[in-house]
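Below: one structure, written as structure tokens.
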Amino acid sequence: MKRILPLVAALAFTAPAVAQAVDSQGAKQLSDSLARYFGKQAFDKGVLKVSVEGDAYKIALDIKALVDALPDQKPLKFDLAPYALMVTPRSDGSWDVASDFSQSMSFEFNGPEGPQSMELSIKGGKGTAVYDPNLAAFTSGTSSMAGMTMTSREAKQQVDVTAGAGTATVAATKSANGGVDFTATQKVSSFVETIKIDDPDSGTNFPITLRTPELSVDANGKGVRIKPLLDLLAFAVANEDEAKLKANQAELKALLEAALPVWERIDGNYGFKNFEAESPVGKFGATQLNVTGGMDGISQNGKIDYAIKASGLTIPQQMLPAWAVALLPTDIDLHFGGANIDLDTMARKTIEAFDLNKNPPLPDEFGKALVDDFKAKKPKVVFGHSTVKNGDIEVAMEGEVFFPDSKKPDGSVTVDVAGYDKIVDALKEAAKSDEQMAQAFPFALAVKGFGKTLPDGRLEWVIDTTADGSVKVNGAMLKGPDAAQDDSAGQDDNSGDDGANGTDDSTGGDDSDAGDNGGAGAKLQP
């Protein structure tokens, strides 16, 4: 519920410009335009209402009226004042929009494990914006609040959130390739979230408090197809009847195709200054923490990207052995995601193939064919250049891997380390008193032997894996291909001999590869 208000602000005013004169006729035109997206019943039941107030129209949304009109089980308690937008037509066809979203709300209902409730209060919430009906977007806008509190209760969990003053901005322009480009920012001060988990059945009692003096959110998008998406919403409202929907499925397919790729690209970032996470095991923290994510729209060669970056990391030392403290990371910069993601072919084939007049609308074999097409484009997991640092020690990694039909990884990953000797020294010291580290120490020395020394003194390992199960490190065969499997194995008396021969052939392959790689290959050959 706490996200409903900004959603309404984005969608509630999706009407074409009416006459500049603010009067009852204009209010009716505005009501008729909004009914296209929300249905006439929304006005009949008092969920939406448009009225004239001075030189502006007031668009009121009453969620409580919507809840009261629900035919099924209603909440035990629901208290929320109507939310209103004041809109004034401008001479250029756009609209001035103003709102006071100061709000106090609460609701309670019976959940699967007992009563659940939420209370939300926003103080000093005000916003102004300019809305362009031609773009179906806010071309500019600002908002602010004095503070916010929220409490959510469940049978085994309670969440309390408080925040201080906050500001937000939004801007949008027409995209060169269709749709809308937008940017949005938000800053909130003194953010604190406390989560208390108390489950007597499992014996779990774990409170955790997250806090930051400044939380920031930045987002931007390219080519967002707002109008086609609104057309789909209008179609859904006009075709609620199943028979009518089936009769008009050709129009539905055309609207779905028009909405592609939904957006070209959307990226977002959450930033936390002086972040702290306080728990029963101690306090975790970072002077700066950023979590980012982005994804292409529905395209033939889409990408998904994620990143986590933190500096000034602190980790409770009492939960670690003394020797490990020197190895704790102080800075991380991790990048990962996916590429070669063909959702466009999947979407278009699905739109073309479905038939609402059949049961099921898609044939049973359709899903398998779709997955096969998706795999044929070789989607892959991508590890961007990522680092973990601590003093003179830095571990870096990058590479990419995809999973062919064999389900075994095929790709290459490069790992390089600065200060590897310091890691070995720490493990050597730990081995004196820790049996597990005593077992790990020889392995650390062996790994160093596989590495290649770079001109700057870093050690590098290029790890290549192929679908046949083989693994190479810096070009030397570490593991040969897996034994060939005969599909008829176990079905005749000669199956045991076939398996043995397959193993022998595989071993021969290993020997050949080792010879090609010279002495290093022979040294690494298991």
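Along the sequence shown, the residues carry numbers beginning at 1.
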Which residue pairs pass the side chain to side chain donor-acceptor pair (under 3.5 Å) test when at least one of the two sits in residues 239-249, sequence neighbours left out?
-> Asn239-Asn248, Glu242-Lys246, Gln249-Asp355
Check side-chain contact (heavy atoms from CB on, under 4.5 Å) between [X] and all other residues, then give those that pass, not counting sequence neighbours.
{"X": "Tyr306", "result": "Ile304, Phe336"}
{"X": "Thr314", "result": "none"}
{"X": "Thr204", "result": "Ile197, Asp199, Ser202, Phe206"}
{"X": "Ser104", "result": "Ser121"}

Heavy-atom distance under 4.5 Å between the side chains of [X] and [Y], does that happen here?
{"X": "Arg90", "Y": "Asp96", "answer": "yes"}
{"X": "Phe383", "Y": "Leu334", "answer": "no"}
{"X": "Met105", "Y": "Met118", "answer": "yes"}
{"X": "Asp62", "Y": "Val47", "answer": "no"}
{"X": "Val67", "Y": "Leu80", "answer": "no"}
{"X": "Glu154", "Y": "Glu113", "answer": "no"}
{"X": "Asp342", "Y": "Met346", "answer": "no"}
{"X": "Leu135", "Y": "Ile226", "answer": "no"}

Any luck finding a side-chain donor-acceptor pair between Asp160 and Thr151 under 3.5 Å?
-> yes
Decide whether Asp181 and Ser175 meet the rule of one side-chain donor and one side-chain acceptor closer than 3.5 Å.
-> yes
Closest non-hydrogen atom pair between [X] and [Y], with its separation:
{"X": "Gly46", "Y": "Ala65", "result": "O-CB, 3.9 Å"}
{"X": "Met86", "Y": "Ala56", "result": "CE-CB, 4.1 Å"}
{"X": "Gly124", "Y": "Ser102", "result": "N-OG, 3.2 Å"}
{"X": "Ala27", "Y": "Val50", "result": "O-CG1, 3.8 Å"}
{"X": "Leu245", "Y": "Leu252", "result": "CD1-CD2, 4.2 Å"}
{"X": "Val237", "Y": "Ala35", "result": "CG1-O, 4.0 Å"}

Flag, side chain of [X] to backbone of [Y], donor-acceptor distance under 3.5 Å:
{"X": "Ser189", "Y": "Ala165", "value": "yes"}
{"X": "Arg348", "Y": "Glu257", "value": "no"}
{"X": "Ser386", "Y": "His335", "value": "yes"}
{"X": "Thr169", "Y": "Thr142", "value": "no"}
{"X": "Lys253", "Y": "Ile351", "value": "yes"}

Calculate, to the nearest 0.5 Å, the distance between atoms [atom1] and [atom2] belonging to [X] and [Y] respectively.
{"X": "Gln288", "Y": "Thr212", "atom1": "CD", "atom2": "OG1", "value": "8.0 Å"}
{"X": "Leu85", "Y": "Leu61", "atom1": "CG", "atom2": "CG", "value": "8.5 Å"}
{"X": "Ile59", "Y": "Leu30", "atom1": "CD1", "atom2": "CG", "value": "4.5 Å"}
{"X": "Gln300", "Y": "Leu343", "atom1": "CD", "atom2": "CG", "value": "11.0 Å"}
{"X": "Phe272", "Y": "Asn290", "atom1": "CZ", "atom2": "CG", "value": "8.5 Å"}
{"X": "Phe109", "Y": "Phe78", "atom1": "CZ", "atom2": "CZ", "value": "11.0 Å"}

The salt bridge (charged side-chain N to carboxylate O under 4.0 Å, His left out) partner of Asp296 among Arg265, Lys222, Lys303 is Arg265
Would you call [X] and [Y] a salt bridge, taking side-chain N to carboxylate O under 4.0 Å as the test?
{"X": "Lys156", "Y": "Asp201", "answer": "yes"}
{"X": "Asp231", "Y": "Lys227", "answer": "no"}
{"X": "Glu214", "Y": "Lys273", "answer": "yes"}
{"X": "Asp32", "Y": "Arg36", "answer": "no"}

Check the pair Val161 / Val159 against side-chain contact (heavy atoms from CB on, under 4.5 Å), numbers first and verdict last.
-> CA-CA 7 Å; Val161 178; Val159 178; 4.0 Å; yes
Return yes when atom NZ of Lys389 has more than 12 non-hydrogen atoms of other residues, nucleotides or ligands closer than 6.0 Å, and no otherwise.
-> no
Kindly check if the number of other-residue, nucleotide or ligand heavy atoms within 6.0 Å of NZ (Lys64) is above 12?
-> no
Contacts of type side chain to side chain donor-acceptor pair (under 3.5 Å), residue Gln25, not counting sequence neighbours | none
Candidate pair Tyr83 and Ile63, rule side-chain contact (heavy atoms from CB on, under 4.5 Å), full reasoning | CA-CA 8 Å; Tyr83 173 70; Ile63 300 294; over 6 Å; no
Do Gln317 and Leu328 pass the side-chain contact (heavy atoms from CB on, under 4.5 Å) test, and can you show the C-alpha distance, the side-chain angles, and the key distance before you say yes or no?
-> CA-CA 9 Å; Gln317 298 183 7; Leu328 289 177; 4.3 Å; yes
When the ring planes of Tyr131 and Phe138 are compared, do they come out parallel, tilted or perpendicular, using 30° and 60° as the limits?
-> perpendicular
Using the side-chain contact (heavy atoms from CB on, under 4.5 Å) rule, take Ile195 and Gln157 through it: C-alpha gap first, then chi angles, then the decisive distance, then the call.
-> CA-CA 7 Å; Ile195 304 169; Gln157 178 176 299; 4.2 Å; yes
